[in-house]
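Chain identifiers are assigned alphabetically (A, B, ...) following the order of the sequence lines, protein sequences preceding nucleic acid strands; residue numbering begins at 1 within each chain. Scope of the values below: all heavy atoms of this structure, side chains included, with no hydrogens, waters or symmetry mates.
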Amino acid sequence: MDLSSINWILLLASLMVASTPILLAAIGELVCERAGVLNLGVEGMMITGAICGFAISVETQSATLGFIAAALSGAALSMIFGFLTQYLLSNQVATGLALTLFGLGLSALIGQGYIGIKGLEIASLHIPLLSDIPVLGPILFRHDLMVYVSIAIVAATWATLKYTRAGLILRAVGENHDAAHALGYKVIRIRLMAIAFGGACAGLGGAYLSVVRVPQWTEGMTAGAGWIALALVVFASWKPWRILVGAYLFGGLSVLQLNLQAAGLKVPVEYLSMSPYLITILVLVIMSSGRSRAALNAPAELGRSFHASS
Amino acid sequence: MIRLEKRPTPSKAWTYATPVLAVALTMLAGGLMFALLGKNPFLAIKTIFYDPILGEFAFYYRGQLLVKAGPLILIAIGLAMGFKAGIWNIGAEGQYIMGAICGAAVGLAFYPAEHWYIFPLMVIAGALGGLLWAMIPAILKVKFHTNEILVSLLLVYVAEQLLAAMALGALRNPDATGFPGSRNLQQYPAASNPELWAGTGIHYGVVAALIAVIFAYILLSRHLTGFHIQLAGQSPKAARFGGVNPTMLVVFCMGLSGALAGLAGLFEVTGPAGQIAINFNSGYGFTAIIVAFLGRLHPIGILLAGLLMALTYIGGEAAQATLQIPAAAIQAFQGMLLFFLLGVDVLSNYKIKRVKEGVA
């Protein structure tokens with residue numbers, strides 16, 4: 001293997017791009033879980049967002065419209081989950097799984113005509129001065145707009161949860177829905193909004209994969225990214241900024257793994273491809289055990305159904 | 001305005017009626033989906049649900065029914081035990097792959113010897129492979145409180161990579177030149193799992209599935225462990241006071257479901273699939289989740305649900321061939337079924353009351 005063949009600046013530069021899909025999906029799921037709803041359908045919403053985003057961007061030749069369509073499709077799909085879990089009080093774990101299975105089938109169905117089609121060329125931004133800084137310029141300031149939008153979403157989520165009344169109400173619903181209900185807050189309506197936000201973000205994350213990163217459509221292209229995003233929420237102990245750190249850490253590792261494959265490390269490709277999943281499991285173990293138990297930070301009502309008369 | 005009122009105990013009648021209702025609703029919604037795809041919905045539903053059993057070419061499809069239902073039932077029985085106890089093993093697909101790899105590896109190690117004990121050894125290896133793979137999330141949950149849902153699911157992707165590595169590497173047929181994969185076990189009599197009666201589709205895996213149904217039924221209705229499983233699921237607190245050891249329950253449920261999924265993989269690789277190849281797994285581990293819920297986590301229910309899901313598989317293939325309905329539509333159809341099933345469940349747990357506006 002030739003480590004010097006890896007261009008470390010390029011590697012770091014591709015880190016942000018590689019992290020953006022899981023970053024978007026994870027921040028959406030974080031909001032959803034802070035409202036007390038565990039939506040395991042992230043993978044299904046991501047893949048549906050991926051195909052809808054890709055299809056619309058190819059048809060209209062506009063990446064913006066593609067992303068809007070992806071967010072809408074993710075939110076629409078999440079509303080099936082929302083209706084079942086909030087109004088029909090179904091089990092959130094099982095319904096989330098159903099959403100993933102359905103999303104995988106639906107996306108393959110929509111995507112039949114789009115296999116092998118090349119996506120749009122997405123231009124990277126060129127910010128005067130900033131992009132020209134040596135080393136830091138290519139790493140931080142020469143990406144497409146969505147990379148910065150995703151960071152902005154994280155920042156906005158953090159600020160909303162921490163400093164606004166809406167954020168406080170959302171957290172109250174997640175920590176104690178009976179108390180929130182007694183105070184007159186519409187628990188179900190608030191949760192539905194959180195679920196829709198989660199769905200929209202997951203759709204954006206999926207679309208980032210198919211529209212910008214690859215850019216192509218293949219069946220099952222998210223390959224577990226949705227599940228990694230779910231693990232990321234645990235890693236972040238339900239705190240927005242830590243999602244950013246976790247996603248970039250994780251993106252960095254997966255980019256490194258791809259670079260090692262390219263550099264010809266004497267390990268079969270399959271074993272390197274396993275590493276993101278194994279690392280995620282390792283991180284889950286570290287975060288879940290010992291004194292720093294992530295579960296202590298979990299919203300108290302996570303995964304519980306709310307029924308007003310009970 | 002409609003209000004839901006919780007029933008003191010789930011309604012017996014609705015418990016039996018909801019799966020049927022869900023299937024009917026799925027047919028309606030599925031018909032709509034087929035109509036949107038530009039196909040005749042009635043013809044599509046008939047091709048999927050009627051023709052494979054009673055149609056002109058049913059003699060061919062009927063055998064396939066049990067071939068597909070076998071692994072689904074075997075996996076779903078194991079999963080249902082865990083689901084009942086609130087232990088979510090959703091990585092059966094990975095355990096299925098590992099069972100196939102371990103079992104096939106043992107068989108291939110003996111190649112080309114002919115001994116009577118080779119196949120039984122492979123069966124044991126297959127079950128152990130699945131069991132050990134399921135022990136990873138189980139032990140991590142017990143020791144480190146990790147979430148078994150995420151770990152077992154992530155391990156599916158690891159198992160898929162391992163499968164590719166094995167098909168291209170260690171287990172690759174040294175004599176083959178074509179598409180990479182292991183030796184075909186169907187052509188190695190000591191390690192093959194043949195059709196036991198021609199035309200029925202019954203192989204050892206189907207027999208194992210039936211035995212699993214019977215054992216699960218006895219376990220749940222007559223055995224203390226079965227009672228503990230149900231207790232832990234319905235009231236974790238009562239279970240703890242009642243002396244149920246939660247650690248043992250996690251290990252038991254995960255281990256059992258893993259072993260059964262591993263067995264399903266072993267019987268598949270030695271029988272219908274024939275070899276370890278990159279595309280060996282076909283999603284049985286995930287479909288089995290739907291089977292378990294459709295069967296209401298009850299062994300007999302799972303038996304029927306497994307047959308119905310197998311029907312959607314072969315009916316789907318038939319619809320693909322005759323009506324050009326894409327395979328993905330069937331996958332979406334199966335997902336829809338689970339949605340409807342979970343949705344109509346509200347009827348067995350709640351009473352629907354109409355109340356006048358302003359009362360609350």
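- Taken to the nearest 0.5 Å, the CG atom of B:L162 stands 12.0 Å off from the OG atom of A:S273.
- Heavy-atom pairs under 4.5 Å with chain A were tallied for B:A328, B:A329, B:A159, B:G335; the largest tally goes to B:A328.
- Between the OG1 atom in A:T95 and the CG atom in B:L342 there is a gap of 4.5 Å [rounded to 0.5 Å].
- With a threshold of 4.5 angstrom between heavy atoms, A:F83 does not approach chain B through any atom at all.
- Of the two parts of B:L168, only the side chain, counted from C-beta on, holds a non-hydrogen atom closer than 4.5 Å to a non-hydrogen atom of chain A.
- Between A:F102 and B:L338 the shortest side-chain heavy-atom distance does not fall below 4.5 Å.
- Counting heavy atoms from C-beta on, the side chains of A:L109 and B:M33 come closer than 4.5 Å.
- Taking chain A as the reference chain and counting heavy-atom pairs below 4.5 Å, the highest number among B:V151, B:I290, B:V344, B:L337 is found for B:V151.
- Note that CD of B:E148 is 11.5 Å distant from CG of A:L284, once rounded to the nearest 0.5 Å.
- Interatomic distance, CG of A:L104 versus CD of B:Q334, reported as 12.0 Å (0.5 Å rounding).
- Atom CG of A:L230 is separated from atom CD1 of B:I149 by 9.0 Å, given to the nearest 0.5 angstrom.
- In B:R7, the CZ atom is crowded: over 12 heavy atoms of neighbouring residues, nucleotides or ligands sit closer than 6.0 Å.
- Minimum heavy-atom separation, A:S288 to B:H145: CB-O, 3.6 Å.
- Classified by interplanar angle (parallel below 30°, tilted 30° to 60°, perpendicular above 60°), the ring pair A:Y277/B:Y157 is parallel.
- Of the two parts of A:I80, only the side chain, counted from C-beta on, holds a non-hydrogen atom closer than 4.5 Å to a non-hydrogen atom of chain B.
- For B:L37, the part lying under 4.5 angstrom from a heavy atom of chain A is the side chain only.
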Run the side chain to side chain contact (heavy atoms under 4.5 Å, CB included) check on A:I228 and B:L154 step by step: do they pass? CA-CA 8 Å; A:I228 289 171; B:L154 287 167; 3.9 Å; yes
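- Ranked by heavy-atom pairs under 4.5 Å with chain B, the list A:G224, A:A231, A:S90 is led by A:G224.
- In this structure, chain A has no heavy atom under 4.5 Å from any part of B:F333.
- The closest side-chain heavy-atom distance from A:L97 to B:I289 is below 4.5 Å.
- In this structure the side chain of A:V234 never reaches within 4.5 angstrom of the side chain of B:N147, judged on heavy atoms.
- Of the listed residues A:I110, A:V93, A:L106, the one with more heavy-atom pairs under 4.5 angstrom with chain B than any other is A:V93.
- Ranked by heavy-atom pairs shorter than 4.5 Å toward chain B, the options A:G111, A:A98, A:A108 are led by A:A98.
- Atom CE of residue A:M274 and atom CD of residue B:E160 lie 11.0 Å apart, to the nearest 0.5 angstrom.
- Interface remark: B:F339 contributes backbone and side-chain atoms alike to the contact with chain A (heavy atom separation under 4.5 Å).
- The contact between A:L40 and chain B is made entirely by side chain atoms (from C-beta outward), counting heavy-atom distances below 4.5 Å.
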